[in-house]
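Here the structure is a predicted model, which means the values were calculated and not measured. Note that these values count all heavy atoms, side chains included, but never hydrogens, waters or copies made by symmetry. Note on naming: letters A, B, ... go to the chains in the order of the sequence lines (proteins, then strands), and numbering restarts at 1 for each one.
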2 protein chains.
Amino acid sequence: MFSNGCEYGIRALTIIGRASKEDRKVGIKEICRLAKTPESFTAKIMQNLVRRGILDSQKGPAGGFYISKDLDSITLYDIVEAIDGTGVFVSCGLGLAHCDASRPCPLHDKFASVRQELKAMCKSNTLNDLLSGLHDQVYKR
Amino acid sequence: MFSNGCEYGIRALTIIGRASKEDRKVGIKEICRLAKTPESFTAKIMQNLVRRGILDSQKGPAGGFYISKDLDSITLYDIVEAIDGTGVFVSCGLGLAHCDASRPCPLHDKFASVRQELKAMCKSNTLNDLLSGLHDQVYKR
DNA sequence: AGAATAAAAGACCTTTTAGTCTTATATTTG
DNA sequence: CAAATATAAGACTAAAAGGTCTTTTATTCT
């Protein structure tokens, strides 16, 4: 459904979000240790999210990643869009470039409603919502 | 959502299914011309589906692909499973190997219901159902 | 039987995704 | 200012997905 990078990104953001609630910055090593994600790859994803304004970072000692925005203002949709784009929310189930209500593929209506529910779910869940489901050992292997 | 190969496979099957209703076999060239899919790649997918018993084929002149099963007995789920496997129907939204109701990831419940709707949709739609939405120029570019 | 036709098989190539590693840059602290 | 620390940037490598091409095998038709 989502790319590996996107899954890693979401997991990492929950770790950072939790720390941010305690006004703590988190280094990439700690993020990846807790999120169980590959370090260099995750770092690259984080940098992309910083550029897109979802995340903040500070270099140097006592630096790390943190979130300055309201955790309720960052939706799952925002995160997925930033990493994977909107394809999963809008593309035709049969991969057609020109599939819409006026020229529907055989799957159009049925697929559209699934996509719609996915989209609604992602729009209605914020990073803060995810934190309530994040107990200490969630990402244990 | 589905792989390219899976999308091609579904499109190709609608072409073959329609022909099978008229007791016609279809060659790979005609299938790909109508389904707008790449020929060699589609052929490979068809061969996989033949091996898995979803599709039948006959070599030689006047040969081609056809479906001998009841078109109502082949669900979208069967097709997706044959080509992409069951991953999309069962995997954790955050990519965790051990995510379930007893040890849920922060997204588990919300994601499970989307996945569930996708699964239900795929199980309840048969190849025959798709044919009613297939008018002549559906896969026109 | 021989020629033509069509799928089967599998080697091969290309592109994208996934992931690593090295070097540079910024920040803090002593 | 120097040393240490941490992110930024980007070149690089590996693996998977996507796709092509050639050869073989089965079937039909003359």
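For the side-chain contact (heavy atoms from CB on, under 4.5 Å) criterion with B/L13, the lone passing option out of B/I74, B/I67, B/L76, B/I45 is B/I67.
Between the CZ atom in B/F2 and the CG atom in A/L107 there is a gap of 7.0 Å [rounded to 0.5 Å].
Annotation: side chain of A/T14 is in contact with side chain of A/Y139 (closest heavy-atom distance under 4.5 Å). Residues A/L71 and A/T126 are not in side-chain contact: their nearest non-hydrogen atoms beyond the backbone lie 4.5 Å or more apart. Using a 4.5 Å cut-off on side-chain heavy atoms (C-beta onward), A/V26 and A/F65 make no contact. A/D100 is listed as a side-chain neighbour of A/R103, based on a closest heavy-atom distance under 4.5 Å.
Among residues two or more places apart in sequence or in another chain, the side-chain contact (heavy atoms from CB on, under 4.5 Å) test is passed with A/R18 by A/I15, A/L34, A/L131, A/L134, A/D136.
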Quiz prompt | side chain to side chain contact (heavy atoms under 4.5 Å, CB included) between B/C6 and B/I10, worked out | solution = CA-CA 6 Å; B/C6 191; B/I10 298 167; 4.2 Å; yes
Exercise. Evaluate side chain to side chain contact (heavy atoms under 4.5 Å, CB included) for B/Y77 paired with B/T86, printing each intermediate quantity in order.
Key: CA-CA 9 Å; B/Y77 183 94; B/T86 57; 3.8 Å; yes
Could you list all N or O pairs between the protein and nucleotides 26-30 of chain D that sit under 3.5 Å apart?
from	atom 1	to	atom 2	distance (Å)
D/dA26	O4'	B/K59	NZ	3.3
D/dT28	OP1	B/Q58	NE2	3.0

Expected rows: protein N/O vs nucleotides 19-22 of chain C N/O, under 3.5 Å:
from	atom 1	to	atom 2	distance (Å)
C/dG19	OP1	A/Y8	OH	3.2
C/dG19	OP2	A/Y8	OH	3.0
C/dG19	O6	A/K44	NZ	3.0
C/dT20	O4	A/K44	NZ	3.1

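Look at A/Q47 and you won't find any side-chain N or O under 4.0 angstrom from OP1 or OP2 of D/dT7. Under 4.0 angstrom from either OP1 or OP2 of D/dA6 there lies no side-chain N or O belonging to A/S57. Applying the 4.0 Å criterion to OP1 and OP2 of C/dA8, one finds that B/R51 has every side-chain N and O outside that range.
Atom CD1 in B/I83 sits roughly 11 Å away from atom P in D/dG18 (whole-Å rounding). Nucleotide D/dA8 holds its C1' atom 16 Å from the CZ atom of A/R52, rounded to whole Å. In this structure, B/R11 atom CZ and D/dG18 atom P are separated by 13 Å, rounded to whole Å. Separating the NZ atom of A/K29 from the P atom of D/dT7 is a distance of 8 Å, rounded to the nearest angstrom. Nucleotide C/dA6 holds its P atom 17 Å from the CG atom of B/L55, rounded to whole Å. Summarising the geometry, the separation between CD on A/E7 and P on C/dT17 is reported as 15 Å, rounded to the nearest angstrom. Atom CG in B/N48 sits roughly 15 Å away from atom C1' in D/dA17 (whole-Å rounding). Atom CD1 in B/I28 sits roughly 14 Å away from atom P in D/dG19 (whole-Å rounding).
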